[in-house]
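Down below is the structure, laid out as structure tokens.
Here is how names work: the chains are called A, B, and so on, in the same order as the sequence lines, proteins then strands, and each is numbered from 1.
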Amino acid sequence: MKAVRAVFALAALAVAPSLLAQGPTADGIAKYRAALQDGNPAELWEGRGEALWKQERGPKQVSLERCDLGLGAGVVKGAYAQLPRYFTDADRVMDLETRLVWCMVTLQGYTEADAKKNPFGSGNDRKSDLEALTAYITSESRGVKMNVPMRHAKEAEAYRVGEKLFYFRGGTHDFACATCHSEEGKRIRLQDLPNLTTAEGAQKAYTTWPAYRVSQGELRTFEWRLYDCFRQQRFPELVFGSDVAIALTMFLARNANGAPFDAPAIKR
Amino acid sequence: MADPMRIRAATLGDSTEVKVLMSHEMETGQRKDAQGQTIPAWFIQNVIVTWNGRTVLSAQWGTAVSKNPFLSFKFKGGAKGDKIAISWMDNRGDKRTDETVIA
Amino acid sequence: MRPHASLGLLVVTAIVGACATVMDESETAARAAAALKASFRPAGQAGLDRLEQDETQRACSLAAGKAPPKDVAAMIEQANLATIRYPADGKLLGDWKNGERIAQEGRGKQFSDDPKGPVGANCYACHELSKAEVSFGTIGPSLYQYGKLRGNSVDVQRYTFGKIYNSEAFAACTNMPRFGHKGILSEQQIKDVAALLLDPASPVNQ
Amino acid sequence: MNEMRRRLIQSGGGMTLLGLLLAAGWLKPEEAQAQTWNKAAFDTHSLTDTMKALGGGDPAQSKDIVFFQTPEIAENGAVVPIGVTSNIPKTESIAILIEKNPNLLAAVFDIPTGTETSISTRVKMAQSSNVYALVRADGKYYVAAKDIKVTLGGCGG
């Protein structure tokens, strides 16, 4: 055992500095990302979402234009920058996607199951209305400073629970959100990882979702981001609109307060 | 039915810049689905951009153009309020035309 | 496993006990646990049992991203060290070429993965290894020239195999998975990855 | 398609006539398009075959063809921005070829007089490869190449 320990001590000293972490590769990737900014296919989702918002749909054949996203019935501008938040009518903290489902049920008469049956679209045959609506509504907060409230006890509780969940390790690989997102300047492969425990890191990450993912050719929402993080954490499947999804969103959105919202974005 | 294109056209000095995003799968025909079946190629083959009815760009595309294609170019002579129309047709014969006016 | 069983208690007193708002903290923990129970469903090969923490996971979650206290860390390392099963045949190194494939492979154990499909170690996600691969992560240290810098003695081989098998034995609350202990990699796969790190012919050591 | 239309298209040969017909409202854009997809060229699998099929058997290297907003490294091969400007007088068309794709030809842009000889689009690349811009100008062919490295993405998605 002693020998093993000794070797470990030696190993720790002998870590070779990484030369390729900066330099031409990082420069090249930065240029690639810059070149993508001019023309974001997320706009296609925004357009479809705006049409869906205004369209009379569902069993009751009404539009979502009277949906209260927190700033009053029908107010879209800036609404996303103040979500998640506590809603008295639902007696629950809700993120945007959960609130949209609520409005589809209460205003348009959909069943809850119908409203959330396709949260994450794939391809032409399975376009997600929720993603399109989210793209539109978030686009109406572009440039608005994040200002997630913490007035209600349930908002504070969601934040604390979210923080707790951020550090929860589990699964086959012992991964938590914190495994990848609690240190500065780290990467997975070439993908930069935001440090979500700092305001700066949370701001940079949270304000750039939803995003058009060029690797998938799809627009992805923040709920999807959480869903797919947990998949890669080797956890079971995160339920759409669940308490964990909302609490983590609350934790990160609130940490992002003060920064201008800047999405839908475009990412690798 | 494909979603509408998002077209931007704006004059900058004597030239007009046109930028367009199209909603299309641009399936290569090389991929397989979960059951191991090849997903057939499905892609835009032709694009024509007209300015007040006159062709200012035409293109032929193969399967290597990215999903949800983006295209940008400039032409001379456009003025605010002129009509820009963009049409595409894919290998299934689906087509779509959208219009905008130069801003 | 005795060391593990007592570990949880020790950690709770060491970390939570230090908090000024114990009630608040435990209530939050209870709500977080309830939220977890209600927020996931089994999918593919990932059942809800994956949310049931072992003592190491629980202790490290409580540390909340900070290093655990020294005595807790020592217990975690000791308990995990006891889990390492070295190869019965005494051979610690396999084929570095297979090791490279395992290091590149990112699939395995996700609910979206084919349970019969490949399971990799995804080393490049976090580590630099061979210079030929420029797409590497930086969560872990660079392992370029790992063997060249350390030599290839039996002690080094044993440490390397053991570190891959159960990383928590050497650094409590490390970010690195416990590939052998948690059944991610087979013994042979661990040998192959160890060879990638230590074989003088491996591109890691060029 | 009626006989009149068929004869008009065949006699004229190519986009100039089509452009005129479109302008006159004789053909709607979507009707004209079906006539002009160069299947032979899009089906080629080697650089020489693609060049030949496009009519540019042995193009001259040209420094007057410039790539812009085109990265040296693509973080994801599914979307690689490519911008090409031709400074060669009387440029008529710009084609984009990707050497290591299963089908080399990605796109051909026909550029009428009055349109700047510069286009920007996005292509898929199966792997790191040379990308060629093939320009036809005044009936002659010119080419420029750019090597683009395609890296792996993040941890699987």
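- A heavy-atom distance below 4.5 Å is not found between the side chains of A:Leu36 and B:Phe70.
- Counting non-hydrogen atoms of neighbouring residues, nucleotides and ligands closer than 6.0 angstrom, the NZ atom of B:Lys83 reaches no more than 12 such neighbours.
- By the neighbour-count criterion of 12 heavy atoms within 6.0 Å, atom CZ of A:Arg57 is densely surrounded, having more than that number from other residues, nucleotides or ligands.
- Within a 6.0 Å sphere centred on NZ of B:Lys76, heavy atoms belonging to other residues, nucleotides or ligands number more than 12.
- Of all the heavy atoms in B:Lys67 and A:Glu218, the pair that sits closest is NZ-OE2, 3.4 Å.
- Heavy-atom contacts from other residues, nucleotides or ligands closer than 6.0 Å to CD of A:Glu112 number 12 or fewer.
- More than 12 non-hydrogen atoms from other residues, nucleotides or ligands lie less than 6.0 angstrom from NZ of A:Lys60.
- The interface of residues 14-33 of chain B with chain A, defined by heavy-atom distances below 4.5 Å, comprises B:Lys19, B:Leu21, B:Met22, B:Ser23, B:Glu25.
- Contact annotation for A:Asn40: only backbone heavy atoms (N, CA, C, O) come within less than 4.5 Å of a heavy atom of chain B.
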